[in-house]
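Start at 1 with the first residue, then count along the sequence.
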Amino acid sequence: MGGGGALPPKRRFGAESVFRWFTTGAGTIVLVIIVAIAIFLIVKAVPAIKADKANFLTHFEWFPNDPTDPKFGIASLAFGTVFSSAIALVLAVPVALGIALCLSHYAHKRLANGLGFLIDLLAAVPSIVFGLWGRDYLVDPVRQLSGWLHKYFGWIPLFGSDGPYGKSILLGSLVLAIMVLPIVTSLSREVFRQTPGMNEEAALALGATKWEMIRMAVIPYGRPGLIASVMLGLGRALGETIALALTLGGGWAVGSDIIHDGGNSIAANIANGFGEANDIGRGALIASGLVLFAITLIVNMIARAIVYRRREFIGSAV
């Protein structure tokens with residue numbers, strides 16, 4: 001009698017238990033789906049890899065549809081996938097971070113909201129639209145840009161080719177950069193907005209300029225989120241299919257030149273070759289998809305490890 005009453009007894013099948021089991025089941029379903037995809041890819045890929053007369057991991061050419069002597073390898077396709085995605089990030093990330101900082105700390109609120117909405121709309125544009133736009137409208141400007149780059153910077157291996165120019169790694173990377181831009185920008189803008197106002201006010205009170213405040217207070221605080229946004233953009237670029245299928249010239253050469261006509265990626269090769277492939281050819285394409293699956297998984301694991309270590313560092317410093 002009197003005083004504070006005891007907590008109500010925990011019900012065995014209450015709302016909290018139902019919600020806990022629901023969230024646990026949802027997380028388990030995601031893992032089951034990932035494992036099921038991996039098993040499917042392995043089962044479909046093994047027969048084709050056994051029929052391959054070359055080394056699947058190191059061979060550069062791709063001829064799996066030969067009925068008597070199928071030879072194919074993933075080396076050039078994996079190189080083109082990673083290379084074009086890396087160049088796309090180099091082009092997109094500085095622009096995305098600049099736009100995000102402008103929208104979060106420099107632009108007027110109404111202007112920032114309007115521009116942010118327009119940038120977010122880019123993420124809703126289908127990839128085939130970007131691919132058609134790049135193929136029909138960017139080929140000639142990129143061809144002229146490639147000639148200019150070779151003329152003045154031909155001593156750099158990236159721009160060493162003297163032609164022919166057209167559908168190249170440079171064109172595909174530019175299209176990928178535009179596609180990655182809204183993802184990195186939106187996430188980076190939200191990360192910058194999460195910076196505690198006290199940190200910014202403290203930096204300004206000590207006499208820092210606005211840029212110094214951003215460099216010392218905003219960017220260090222949001223570094224884990226920035227890494228996550230860049231890695232998410234990298235995952236988007238690695239898996240892009242139609243846009244690269246329309247903007248890359250094809251071919252199996254491996255090199256640092258990005259302006260020569262050619263280039264290929266795993267996803268683009270699957271899109272271009274699946275319709276005409278025989279049984280071994282389809283298995284080979286599925287095997288290349290397994291490699292892309294592994295690359296994407298490794299990239300995401302590295303990103304999670306970097307973000308986790310950075311959060312531990314911030315927590316220990318505080």
Side-chain angles (χ1 to χ4, degrees), residues 24-86 88-89 127-128 131 169 172 176 231-255 262-305:
T24 303
T28 305
I29 289 174
V30 172
L31 296 177
V32 170
I33 292 174
I34 293 176
V35 173
I37 292 174
I39 293 174
F40 165 79
L41 293 174
I42 293 173
V43 170
K44 295 294 184 179
V46 167
I49 295 177
K50 288 183 177 180
D52 188 9
K53 300 299 181 61
N55 191 310
F56 177 70
L57 296 178
T58 60
H59 193 64
F60 290 95
E61 296 182 339
W62 188 266
F63 300 107
N65 297 316
D66 191 330
T68 58
D69 191 28
K71 291 183 178 180
F72 55 91
I74 201 67
S76 62
L77 296 176
F79 174 81
T81 300
V82 176
F83 192 39
S84 60
S85 300
L89 285 186
S127 60
I128 189 172
I169 293 290
L176 276 184
M231 289 300 176
L232 185 61
L234 177 59
R236 174 74 171 86
L238 288 172
E240 180 49 45
T241 304
I242 299 300
L244 288 182
L246 294 173
T247 54
L248 293 180
W252 321 113
V254 173
N264 212 335
S265 71
I266 295 176
N269 185 59
I270 293 174
N272 289 327
F274 202 87
E276 301 177 355
N278 55 21
D279 291 339
I280 297 178
R282 284 191 292 270
L285 293 174
I286 293 175
S288 67
L290 177 63
V291 174
L292 180 59
F293 179 82
I295 292 174
T296 306
L297 188 63
I298 292 172
V299 167
N300 282 277
M301 291 175 62
I302 293 174
R304 293 295 301 175

Just verifying a value: how many Å separate [X] [atom1] and [Y] [atom2], rounded to the nearest 0.5 Å?
X      : Y      : atom1 : atom2 : result
Ile42  : Ile49  : CD1   : CD1   : 9.0 Å
Leu238 : Leu176 : CG    : CG    : 9.0 Å
Phe40  : Leu290 : CZ    : CG    : 11.0 Å
Met231 : Leu89  : CE    : CG    : 8.5 Å
Ser265 : Phe79  : OG    : CZ    : 12.5 Å
Leu292 : Leu297 : CG    : CG    : 11.0 Å

Exercise for the section: Report yes or no: does Thr81 contribute a side-chain atom to a donor-acceptor pair with the main-chain N or O of Ile266 at less than 3.5 Å? Expected result: yes
Which heavy atom of [X] sits nearest a heavy atom of [Y], and at what distance?
X      : Y      : value
Pro64  : Ile280 : O-CG2, 3.6 Å
Ala48  : Ala284 : CB-N, 3.4 Å
Phe83  : Ile169 : CD2-CG2, 4.3 Å
Asp52  : Pro70  : OD1-O, 3.5 Å
Gly239 : Ala267 : O-CB, 4.1 Å
Thr241 : Ala271 : CG2-CB, 3.3 Å

Side-chain heavy atoms of [X] within contact of [Y], under 4.5 Å:
X      : Y      : answer
Ile74  : Leu77  : yes
Trp62  : Asn264 : no
Asn278 : Pro67  : no
Val291 : Ile295 : yes
Phe72  : His59  : no

Exercise for the section: Among Val43, Ile39, Ile37, find the residue that satisfies the side chain to side chain contact (heavy atoms under 4.5 Å, CB included) test when tested with Leu41. Expected result: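 Only one option passes, and that is Ile37.
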